[in-house]
Protein chains: 2
Amino acid sequence: MTEQEYSGKSSLPCRHSVSDDSQVPSCDDQLVHLDNVRQLQLEILPIDEAQRRAELFTVLADPNRLRLLSALANQELCVCDLAAGLKMGESAVSHQLRVLKSMRMVNYRKEGRNVYYSLADSQAIDLYKLICAQFSTALKLHPDILSG
Amino acid sequence: MTEQEYSGKSSLPCRHSVSDDSQVPSCDDQLVHLDNVRQLQLEILPIDEAQRRAELFTVLADPNRLRLLSALANQELCVCDLAAGLKMGESAVSHQLRVLKSMRMVNYRKEGRNVYYSLADSQAIDLYKLICAQFSTALKLHPDILSG
DNA sequence: ACAATATCTGAAAGTATATTCAGATGTATA
DNA sequence: TATACATCTGAATATACTTTCAGATATTGT
């Protein structure tokens, strides 16, 4: 996850063989290599945007957080019911809800001793719902997705 | 990421107050609480499917892997050009390509000393492309997504 | 005020992940 | 064969993440 300038021993251009009419990128000599790399750098997802996208995927990369979101998709729920429903400790649920809250994916509402959480109305949740829809569609077409 | 049965000190049902006509789930007494939890468990994403989805998101949760995928979206590339283009060490690129390969997200083709990688034609990549399309659409609608 | 309850918080422990380094493998070329 | 090169691999290090534990905070009811 570090983004420091790469300065390892292999920063020199490689010089692998290539046919002239090839569609394959080549680095026969330093100039061509540098041109290819510069061209690549224009097309590649910029680091800061890659970082932002990766942060969203990081939040979605935990099965318990996915289950929390799926539980809240139907109704607002308090911490203790979420903990019981997911068979998680209440402290663990609270920690994970804080992660979701920091990404503006859930809202909370205090009522007496309880705190009710619900899906937020945010851009991150919009994207999450779209992804979920894609998952459902893909799963219907290919029930063995990601396992076969 | 452990999925062991929860057996902590707080597994007893909570008993928070509730109004009778409430849409809010209640756990006034043990029976209602258990019913709610059982109902919840029917609606929540099952653990094994949450695990599978989380594994895909885990692969997407690293900025360098997202950048590798974006580079390969346009053309097949060898390890050294990817390393130069992304300013990563070649060993790091190789390690990450192995992760992508294990999820069947990239193919490789050996040509002499070089190994050319390209996006695979797999269900995981289909889903990745759909997610990318959603990202692009959402980003066009909301340029400040995930940061505002 | 006191006890019980629901939630939150921070530290600790265990696990997972990413990169680097050193060296191994396999290929092309002099 | 010997050298250079591209890639891979495994160990080591550093960082990040998840859960648990103990205790803090806040609210309700006696």
Side-chain angles (χ1 to χ4, degrees), chain A residues 1-18 26-28 33 54-55 57-65 67-68 77-84 86-102 108-117, chain B residues 1-18 27-28 33 54-55 57-68 77-84 86-102 108-117:
Chain A
M1 259 185 208
T2 55
E3 294 164 25
Q4 79 286 0
E5 197 77 4
Y6 172 66
S7 59
K9 66 175 175 181
S10 301
S11 59
L12 292 175
C14 59
R15 284 174 215 84
H16 43 89
S17 62
V18 68
S26 66
C27 28
D28 237 343
H33 175 79
E55 278 164 18
F57 290 128
T58 296
V59 174
L60 300 179
D62 179 81
N64 282 333
R65 278 195 294 267
R67 280 160 55 78
L68 285 170
L77 289 164
C78 68
V79 176
C80 69
D81 281 351
L82 284 167
L86 274 71
K87 292 198 165 70
M88 290 175 66
E90 293 170 8
S91 181
V93 170
S94 182
H95 278 298
Q96 297 296 22
L97 287 170
R98 178 154 57 162
V99 173
L100 295 172
K101 198 165 57 181
S102 77
Y108 64 97
R109 174 177 73 78
K110 294 182 184 174
E111 183 177 312
R113 283 188 268 235
N114 295 101
V115 180
Y116 290 93
Y117 283 85
Chain B
M1 260 187 207
T2 56
E3 296 163 23
Q4 79 288 358
E5 197 77 3
Y6 172 66
S7 59
K9 66 174 176 182
S10 301
S11 59
L12 292 174
C14 61
R15 285 175 215 84
H16 42 90
S17 61
V18 68
C27 29
D28 238 343
H33 174 79
E55 278 164 18
F57 290 128
T58 297
V59 174
L60 300 178
D62 179 80
N64 281 334
R65 278 195 294 268
L66 291 179
R67 281 160 55 78
L68 285 170
L77 290 164
C78 67
V79 176
C80 70
D81 281 351
L82 284 168
L86 273 71
K87 292 197 165 72
M88 290 175 65
E90 292 171 8
S91 180
V93 170
S94 182
H95 279 298
Q96 297 297 21
L97 286 171
R98 178 154 57 163
V99 173
L100 295 172
K101 198 164 57 180
S102 76
Y108 65 97
R109 173 177 73 78
K110 294 182 184 175
E111 182 177 313
R113 282 187 271 234
N114 295 101
V115 180
Y116 290 93
Y117 284 85

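When reading the values below, keep in mind they use all heavy atoms of this one structure, side chains included, and skip hydrogens, waters and symmetry mates. Here is the naming used below: chain letters follow the sequence lines, and residue numbers restart at 1 for every chain.
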Undergrad: Measure the shortest side-chain to side-chain distance between A:Leu82 and A:Leu97 over non-hydrogen atoms and say whether it is less than 4.5 angstrom.
TA: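 Side chain of A:Leu82 against side chain of A:Leu97, heavy atoms only: contact under 4.5 Å found.
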
Undergrad: Check DNA chain D against residues 92-102 of chain B and give the residues with a non-hydrogen atom under 4.0 Å, in numerical order.
TA: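 Within this stretch, B:Ser94, B:His95, B:Arg98 sit under 4.0 Å of the strand.
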
Undergrad: If I take atom CG in residue B:Asp62 and atom C1' in nucleotide C:dA16, what distance separates them, rounded to the nearest angstrom?
TA: 13 Å

Undergrad: Side-chain N or O of B:Arg113 versus OP1/OP2 of C:dT29: is the shortest distance under 4.0 Å?
TA: no

Undergrad: Looking at C:dT7, C:dT17, D:dT7, which one has an atom nearest to any side-chain atom of B:Cys78?
TA: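 Out of C:dT7, C:dT17, D:dT7, the nucleotide with an atom closest to B:Cys78's side chain is D:dT7.
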
Undergrad: Round to the nearest Å and state the distance from B:Arg109 atom CZ to D:dC8 atom P.
TA: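 Nearest whole value for this atom pair: 14 Å.
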
Undergrad: Rounded to whole Å, please give me the gap between OH in B:Tyr117 and P in D:dT7.
TA: 8 Å

Undergrad: Can you tell me which nucleotide in D:dT7, C:dA6, C:dC8 comes closest to the side chain of A:Val79?
TA: C:dC8

Undergrad: To the nearest 10°, give me the bend of the helix from C:dA1-D:dT30 to C:dA30-D:dT1, comparing the axes of its five terminal pairs at either end.
TA: 10°

Undergrad: Please give, in whole Å, the distance from D:dT20 P to A:Leu86 CG?
TA: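 Going from A:Leu86 (CG) to D:dT20 (P), I get 13 Å.
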
Undergrad: Quick one: CZ on B:Arg113 to SG on B:Cys78, what's the gap to the nearest 0.5 Å?
TA: 12.0 Å

Undergrad: Rounding to a whole Å, what distance do you find between B:Leu60:CG and C:dA18:C1'?
TA: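 Nearest whole value for this atom pair: 16 Å.
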
Undergrad: In whole angstroms, how far is the P atom of C:dT20 from the NZ atom of B:Lys87?
TA: 14 Å

Undergrad: Are B:Val93 and B:Leu86 side-chain neighbours, meaning at least one heavy-atom pair lies under 4.5 Å?
TA: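 Result no, sub-4.5 Å side-chain heavy-atom pair not found.
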
Undergrad: Quick check for you: to the nearest 0.5 Å, what is the distance between A:Met88 atom CE and A:Glu90 atom CD?
TA: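 CD of A:Glu90 is found 11.0 Å from CE of A:Met88.
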
Undergrad: Report the nucleotide, chosen from C:dC21, C:dT17, D:dT20, that has the shortest atom-to-atom distance to any side-chain atom of A:Ser91.
TA: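 Nearest listed nucleotide: D:dT20.
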
Undergrad: Indicate the ring-plane relationship of A:Phe57 and B:Phe57, choosing parallel, tilted or perpendicular according to the 30° and 60° boundaries.
TA: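 Parallel, since the angle between the ring planes stays under 30°.
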
Undergrad: Please report, rounded to the nearest Å, how far the C1' atom of C:dA18 is from the CZ atom of B:Arg65.
TA: 8 Å

Undergrad: What residues, two or more places apart in sequence or in another chain, satisfy side-chain contact (heavy atoms from CB on, under 4.5 Å) together with B:Ala54?
TA: A:Pro63, A:Leu66

Undergrad: To the nearest angstrom, how far is B:Asn114 atom CG from D:dC8 atom C1'?
TA: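 Value for this atom pair: 14 Å.
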
Undergrad: Looking at CZ of B:Arg98 and OG of B:Ser94, how far apart are the two atoms once the value is rounded to the nearest 0.5 Å?
TA: 7.0 Å

Undergrad: Enter the distance from A:Gln96:CD to A:Arg67:CZ here, rounded to the nearest 0.5 Å.
TA: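 Answer for the CD-CZ pair, A:Gln96 versus A:Arg67, is 12.5 Å.
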
Undergrad: Above 12 or not: heavy atoms from other molecules or residues under 6.0 Å from NZ of B:Lys101?
TA: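 It does: B:Lys101 NZ has more than 12 such atoms within range.
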
